[in-house]
Protein chains: 2
Amino acid sequence: MTQGRDLARPRATIVDVAQAAGVSRQTVSNVLNNPERVASPTLARVRQEIERLGFTPNAAAQQLRRHLARAYGFEVNPSAARRMGHIVDGFLVELTVAAPGYNSHLVTFASEAENPITGYERLLGTGLVDGFVITDTLREDPRPRWLVDNEVPFVSFGRMWDSPELGRWVDVDGRAGMEMAVRHLLAMGYERVAYLGWESGSPLGDDRRRGWLAALAEAGLAEEPLAGYTRDELMDATRAANGLLDRLAPLDGTAALLCASDMLALGAMRSLRGRGLEAGRDVGLVGFDDSTVAEALRLTSLRQPLHEAAHHAWRILHQAGSDSSLSALLSPSLIIRSSSSFEAA
Amino acid sequence: MTQGRDLARPRATIVDVAQAAGVSRQTVSNVLNNPERVASPTLARVRQEIERLGFTPNAAAQQLRRHLARAYGFEVNPSAARRMGHIVDGFLVELTVAAPGYNSHLVTFASEAENPITGYERLLGTGLVDGFVITDTLREDPRPRWLVDNEVPFVSFGRMWDSPELGRWVDVDGRAGMEMAVRHLLAMGYERVAYLGWESGSPLGDDRRRGWLAALAEAGLAEEPLAGYTRDELMDATRAANGLLDRLAPLDGTAALLCASDMLALGAMRSLRGRGLEAGRDVGLVGFDDSTVAEALRLTSLRQPLHEAAHHAWRILHQAGSDSSLSALLSPSLIIRSSSSFEAA
DNA sequence: AATGGTGATTTGATCGTTCAAATCCAGAGA
DNA sequence: TCTCTGGATTTGAACGATCAAATCACCATT
């Protein structure tokens, strides 16, 4: 179908370097992979020729010989892609930036809708990748089981709630984040903290909710916790926030609303504006994910430590075995903006 | 440093299939690559064995022999990543989904901040990719020149404004989109259409602005076009929209505001809410990019045809040569929501 | 002077596939 | 019966690297 073109000029090979330096190919290989085996004058000479010729080892040849691609598959999800500030995009970027430090690469791929394994099978079959980074593991998910059964290394971004022992993961501690947020709100002078979350069933949401409750209990405010639940959609969130704010009155700077996501917080913000109220001054407001919208709206929010998470994920992938002790639960950081601190406006 | 583990069980090779089917390896190769050369009983038998053994050709071996990776580099930009609904994320997803159809893959990478070429050199040097998809080509950009000089195939998502002849690109016709939006607004009964855009210097912005002006002229409304310019930040946009709305009065459903981005439109929306006005009923409002925020706020917006753009990009990459006739300028589609059509609310 | 040891380097084989050329074989034509 | 032809299939070489084993050079022992 497509003609392979040979436009690119031939690159220097290990043999070219060897001839130029007057040594054998294996010596050049040793210079790169086992420099301690090479006498130092030779080492210097070979390195100079490598530099001069701009030699870089051919990845395909290395893969073939080593049975190791030093590449990992990263699944992109067409439906999730349209979600607001989908956090996975940021994680992909951080993984990519960190990749050279683990001399690895990422290969993106997508599975067919009807069978979530197809993409994994295809990519693995070609030997193009050594393993996978998986995300969006909230639902009942056949992927961890399949990967384990096929002895494929992988790391999950997000706990595997229904089967934590099945593999290793990196996740962000939503519960701790929520506790942090409640403490912050109380410290800023808000006296009552309501919660706006997702309809139950999402382990992620339940975890965040628990953080809110725990922090309330810690402060001795757990008598009649006020909460509302809705879908992660703006209009629904606005409606739910409206109802919740009614029950939260008086809205005179003594009450705050803690939201399970920036989307929910955005709904709350709209609800506030509709009443002529201002986030921060009249009602404290905190979101989750620190999306660009949160920054734009000066919304206090919990930021996920994606940089750290990416490095952790790489470390897990490069560590053989499957003991789950390497899994990491990282703490988000609270980015304080005017929606929860009136003075700072 | 990192130990290569050999956990994965050995996969079937072309020789395994050949032995099982009682033919030579080359015949199996022909079944896959030149089926017309193989007698049909043999063909059937070999195909059956391929199926039975679950054989997939080893990509590294093919690459090595063919001097062709069938993979392309896609640069991710850590700074752009935080921008609201950065459209490039969506393009990456569409490219990935379309990739198997062109039996290719995408490899993500990042360049170092100080030298935008480093990432390209490294990836190309290993032979891991045959070419690149580049994005964010607005500024003076050394990449197209470098790619051409090194005879590396590439396609740009976004016109290369300062050097259109240097290579091939896929882009979305912002100008045509804006014309479409103006016509829509006039058809909906708005009589005056102002423009909120970016400070000049951005060819992308200037192009969109021209569309607005052209459509006004076409409708005979070009006497005293009203416009405001600002940075693509929410607070600045809100401020600028405020000033513009003052000059646009009366705001009684006869005026509309066309924005160069959803971020600017979001600013305008805040400004409207601050005055107790509603988008659509009191002032028509249109944004650009159809981000998730636009959807959430029921904002009419221009959606980029990312699916089509992705397929076009792949076709360009797989077409040898460098004649720029393949470049494509695609039309965005106007997604009409209540911010520009009060009845539909 | 012959032996042994050790560090440095080289040689041969191999990874899994495709290309180019050679071989095989059945049927047509003389 | 022999040669020729052309389709089907096989064989040898190569892609560019690494692994494992062999060789080499040099020096210390005995």
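Quick note on labels: first sequence line is chain A, next is B, and so on, each numbered from 1. Side-chain atoms are counted along with the backbone in the values below, which use heavy atoms only and exclude waters and symmetry mates.
Residues satisfying the side chain to side chain contact (heavy atoms under 4.5 Å, CB included) test with Ala313(A), not counting sequence neighbours, are Phe91(A), Leu95(A), Val155(A), Val170(A). Under the side chain to side chain contact (heavy atoms under 4.5 Å, CB included) criterion, Arg145(B) pairs with Val148(B), Asp149(B), Leu166(B), not counting sequence neighbours. Asp173(A) pairs by the salt bridge (charged side-chain N to carboxylate O under 4.0 Å, His left out) definition with nothing, not counting sequence neighbours. Ser111(A) is linked by a side-chain hydrogen bond (donor to acceptor under 3.5 Å, both in side chains) to Glu75(A), counting only residues two or more places apart in sequence or in another chain. Partners of Glu94(B) under the side chain to side chain contact (heavy atoms under 4.5 Å, CB included) rule, at least two apart in sequence or in another chain, are Leu306(B), His307(B), Ala310(B). Taking Asp16(B) as the reference, nothing meets the salt bridge (charged side-chain N to carboxylate O under 4.0 Å, His left out) condition, with sequence neighbours excluded.
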Using residues 17-27 of chain A as the side-chain source, report each donor-acceptor pair under 3.5 Å to any protein atom, sequence neighbours left out, with the distance given to one decimal.
{"from": "Ser24(A)", "atom 1": "OG", "to": "Thr27(A)", "atom 2": "OG1", "distance (Å)": "3.4"}
{"from": "Gln26(A)", "atom 1": "NE2", "to": "Asn30(A)", "atom 2": "OD1", "distance (Å)": "3.3"}

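For the helix from dA1(C)-dT30(D) to dA30(C)-dT1(D), the rotation axes defined at the first and last 5 base pairs enclose an angle of 70°, given to the nearest 10°.
Between Phe157(B) and Ala309(B), the shortest heavy-atom contact is CE1-CB, 4.1 Å.
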Give me the distances for all protein-to-nucleotides 25-28 of chain D N/O pairs that come in under 3.5 Å?
none

Task: Sequence-aligned protein contact record of nucleotides 7-19 of chain D, with B where the base is within under 4.0 Å of a protein heavy atom and S where only the sugar-phosphate is - done: -SSBBBBBBBBBB
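Pairs engaging residues 116-155 of chain B under the ring pair (Phe, Tyr, Trp, His ring centres under 6.0 Å) rule: Phe109(B)-Tyr120(B), Phe109(B)-Phe132(B), Tyr120(B)-Phe132(B) [sequence neighbours left out]. Screening residues 40-55 of chain A for side chain to side chain donor-acceptor pair (under 3.5 Å) gives Glu49(A)-Arg52(A) as the qualifying pairs, with residues at least two apart or on separate chains.
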